Undergrad: 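Let me give you the structure first, and then I'll get to my questions.
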Number of protein chains: 2
Amino acid sequence: MGRVRLVEVARAAGVHPATASRALNPGARDEVNPRTVQRVVRAAEQLGYVPNTLARGLRTSRSFVAALVIPDITNSLFPPIVRGAEQVLSGAGFTLVLTDTNNDPDLERGQVSSMRAHGVDGFIIATARWQDPLLDELAKSAVPVVLVNRRSADAALPFVGGDDQRGVRLSVDHLVAHGHRSIVHLAGPADTSTGRERATAFRAAMREHGLPVRSSVIECASYSEQAGAAAAQRMLRSGRPFTAIVAGNDLLALGAMEVLGAAGRRCPEDYSITGFNDLPFMRKLTPPLTTVQVPLTDMGAVAARTLLDWIGKPDSVRTTQTLLPVELVVRGTTGPAT
Amino acid sequence: MGRVRLVEVARAAGVHPATASRALNPGARDEVNPRTVQRVVRAAEQLGYVPNTLARGLRTSRSFVAALVIPDITNSLFPPIVRGAEQVLSGAGFTLVLTDTNNDPDLERGQVSSMRAHGVDGFIIATARWQDPLLDELAKSAVPVVLVNRRSADAALPFVGGDDQRGVRLSVDHLVAHGHRSIVHLAGPADTSTGRERATAFRAAMREHGLPVRSSVIECASYSEQAGAAAAQRMLRSGRPFTAIVAGNDLLALGAMEVLGAAGRRCPEDYSITGFNDLPFMRKLTPPLTTVQVPLTDMGAVAARTLLDWIGKPDSVRTTQTLLPVELVVRGTTGPAT
DNA sequence: GTCGTTGTCACAATCGATTGCGGTCGAGCA
DNA sequence: TGCTCGACCGCAATCGATTGTGACAACGAC
């Protein structure tokens, strides 16, 4: 614990604690004689004074702590976001508390309220579901909240994500340019904005190319390899022909490839497939995965900055929707239609 | 913020705040009439009372916050550790604050002292270097600290890690059993315990098999693909023959394979290689990586429990060294020596 | 009937820093 | 000389909870 207290610094400098506080506080420093400031600062340094954040927070109701709520940190999608946010936050003197909800809304609710009790100054939330009562509550409260990666249907909160529409369109365009016409979309869960919006974008892109949309979207229960595998199994059983797949994310693509490979379908000879997010190691696979690269670290960083803005001036507009540019990285899993 | 305060609960229940506090606090609850406890508890529920952790912490100097210090969260090694720790901690009513030091000791020092100012109850540190003045300081202070994954030369602190010795021995045994005799070790940096101890274990295992050790250990500057690639380049340039590599971790293995592949060396036909840690997707590579599986989630969980023990009873022995069992997962990158 | 005990609870101090308000002192001006 | 004004700093309240100490009543024992 910060053993030395403000009183001791004050005593060492021969002033009242109040004066010491002001001298140490850039905001109130000009109410104090520069020479006194010098003395106090020197004393503080000499004693190794570190202010007690709890006491300060208690008094000022500012804790310089921001909470980051993540569904599952072991999903490689999130660490870069965490890192981006952490760097911006700690650069601004903020501390990051992380909570992993394990995809459990009840757990999440408890953790968020516990964080509020801890007096965090704001939240970055990466667990938004399409219908999310918790977010509605938060939106009504005064706490600054920024959504990242996923957004919610109606909560009026700022959001920072990737340009999903463009990502999907790029994928479809790429496949169509290679002559594919029977394209299937493995959609993420409908209770996530990414699942819904990527599916919508897929349908729009298909229509623009004059391609049939009917029953070419398969919804997956979750963003996981298992769900992708299950979807691929459904595709095989249905017997419906296809030459290309636009997967809702990399994990779904991986799961599908596993099943299709076991069924004797070779990629990219027999079918093409694209992913989304470009997780680490995707370029190391055989064949390396063609996928949409999303600037995840930036996403975290921008979300953090947005949060800091809000915390800084609480009256600013608080519903900016930031879409970060994405890019299609063409690698080995896509090729000409046969 | 927890809008409703203890005073209001007390007023609603018709008692003094002190009594309300005791009624709400399991430890002191038996100093209060059960009927009164009932009234207070009910009032608290009705008003949705959430205690202000800052105020409580200020008074009790317990914050129920633990800090986890990580060198780089985007390294897939760490998320499982984080997750394991988070689950144990939050299960015990603790909050996890995460700090990513970006492998920068100065940054780390600042962050740790900032955390101390925040009054965290303890640290789990995954950034230990072999010579680590910061850890020596911490060991001398009263703060509970647990080292995870890496340990320090002399800091007398509890440690939770994998059984590196056994992991390396299993790898060497496996390779020798396949007839390999020219085996090279790509060692991690010597300022990490894992780097040193795996190298030591490698030498010991080689000696036991009566194999030459001289100049068969190449130290890498960091645990990264680049460093692995650089090491492989050195190996090629040296012209020294080898048929197998024991890499200090998976990333080194990946980097080496890239360079060796580009040089026309096929795996596992021309050479065998093993990794360490079994990061996600390692089984998805072609060929899938033979590697040592370390129970990372458990590691985080055990570290957290160790920390909680220490926090719970500060007088307990505080230098337990826990080595979690590891396992060699034989996949496609190892085969018979040619 | 008085005294001591026990059970309940109220009072007030405390944790460490911040901040509104007011006091002091010297300079400047009439 | 006397008065005002501003710069500088001290006093004390405050944030919200915890906790040592003591008040008070009921009760049993002598």
Side-chain angles (χ1 to χ4, degrees), chain A residues 1-41 43-44 47-65 93 114 116-121, chain B residues 1-41 43-44 47-65 93 114 116-121:
Chain A
M1 199 71 52
R3 270 270 53 90
V4 1
R5 292 162 305 160
L6 183 58
V7 213
E8 285 147 30
V9 175
R11 197 154 22 219
V15 297
H16 192 272
T19 308
S21 169
R22 282 186 258 258
L24 261 15
N25 229 305
R29 181 161 303 174
D30 49 1
E31 299 176 23
V32 173
N33 187 312
R35 281 227 318 281
T36 312
V37 172
Q38 277 290 329
R39 281 214 318 282
V40 173
V41 169
L47 297 175
Y49 170 67
V50 184
N52 181 322
T53 324
L54 268 64
R56 189 212 300 270
L58 179 57
R59 184 61 224 260
T60 61
S61 67
R62 287 278 303 271
S63 61
F64 289 96
V65 172
S114 151
R116 297 235 271 162
H118 272 284
V120 302
D121 290 335
Chain B
M1 196 70 54
R3 269 272 50 94
V4 1
R5 290 161 307 162
L6 183 58
V7 214
E8 285 147 31
V9 174
R11 199 157 18 222
V15 297
H16 192 272
T19 308
S21 169
R22 280 187 255 261
L24 260 16
N25 227 306
R29 181 162 301 174
D30 48 2
E31 298 176 23
V32 173
N33 187 312
R35 282 225 320 278
T36 312
V37 172
Q38 278 290 330
R39 280 214 319 281
V40 174
V41 170
L47 297 175
Y49 170 68
V50 183
N52 181 322
T53 325
L54 268 62
R56 189 212 300 270
L58 179 56
R59 184 60 225 257
T60 61
S61 67
R62 287 277 304 270
S63 60
F64 289 94
V65 172
S114 151
R116 300 230 293 171
H118 273 283
V120 303
D121 290 335

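Every value quoted in this text rests on a predicted model; they were computed, and no experiment measured them. First the proteins, then the strands, lettered A, B, ... as listed; each starts at 1. Keep in mind that the numbers below use all heavy atoms, side chains included, and drop hydrogens, waters and symmetry copies.
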Undergrad: With a 3.5 Å cut-off and just heavy-atom distances, do the side chain of B:R22 and the base of C:dG7 make a donor-acceptor pair?
TA: no
Undergrad: Could you tell me how far apart A:L6 (CG) and C:dG16 (C1') are, to the nearest whole angstrom?
TA: 8 Å
Undergrad: Grab the CZ-P distance between B:R62 and D:dT18 for me, whole Å please.
TA: 13 Å
Undergrad: Can you tell me how far P of D:dA7 sits from CZ of A:R35, to the nearest Å?
TA: 17 Å
Undergrad: Any side-chain heavy atom of A:V65 sitting closer than 4.5 Å to one from A:H118?
TA: no
Undergrad: Looking only at side-chain atoms of B:L58, point me to the closest of C:dT8, C:dC15, D:dT19.
TA: C:dC15
Undergrad: Nearest to the A:T60 side chain among C:dT14, D:dC8, C:dT18, which nucleotide is it?
TA: C:dT18
Undergrad: Answer whether the closest heavy-atom distance between the side chains of B:R5 and B:N52 falls below 4.5 Å.
TA: no
Undergrad: Counting side-chain heavy atoms from CB outward, which of D:dA17, C:dC9, D:dC11 is closest to A:H16?
TA: D:dC11
Undergrad: Whole angstrom is fine here: how far is it from CG in B:L24 over to P in D:dA17?
TA: 10 Å
Undergrad: If you find the nucleotide of DNA chain C closest to B:V15 and the one closest to B:A55, which residue's nucleotide is nearer the 5' end?
TA: B:V15
Undergrad: B:D30 CG to C:dT6 C1': how many Å, rounded?
TA: 14 Å
Undergrad: Base, sugar-phosphate, or nothing for B:T53, non-hydrogen atoms under 4.0 angstrom?
TA: nothing
Undergrad: How long is the straight-line distance from CZ of B:F64 back to CZ of B:R56, given to the nearest 0.5 Å?
TA: 7.0 Å
Undergrad: Rounding to an integer number of Å, can you tell me how far B:R11 CZ sits from D:dG16 P?
TA: 12 Å
Undergrad: With side chains defined as the heavy atoms from C-beta onward, is the minimum distance between A:R11 and A:L47 less than 4.5 Å?
TA: no
Undergrad: Below 4.0 angstrom from OP1 or OP2 of D:dC8, is there any side-chain N or O of A:T36?
TA: no
Undergrad: Can you check whether any acceptor in the base of C:dT18 is under 3.5 Å from a donor in the side chain of A:R56, or vice versa?
TA: no
Undergrad: Which is true for A:S21 with a 4.0 Å heavy-atom rule: it touches a base, it touches only sugar-phosphate, or it touches nothing?
TA: base
Undergrad: In this structure, how many angstroms lie between the P atom of C:dG16 and the CG atom of A:N25, rounded?
TA: 18 Å
Undergrad: Of B:V15, B:T19, B:N33, which is the lone residue that meets side chain to side chain contact (heavy atoms under 4.5 Å, CB included) with B:R39?
TA: B:V15
Undergrad: On DNA chain C, does the nearest nucleotide to B:N33 precede the nearest nucleotide to A:V7 from the 5' side, or the other way round? Give the residue.
TA: B:N33
Undergrad: Please give, in whole Å, the distance from C:dG16 P to B:R59 CZ?
TA: 10 Å
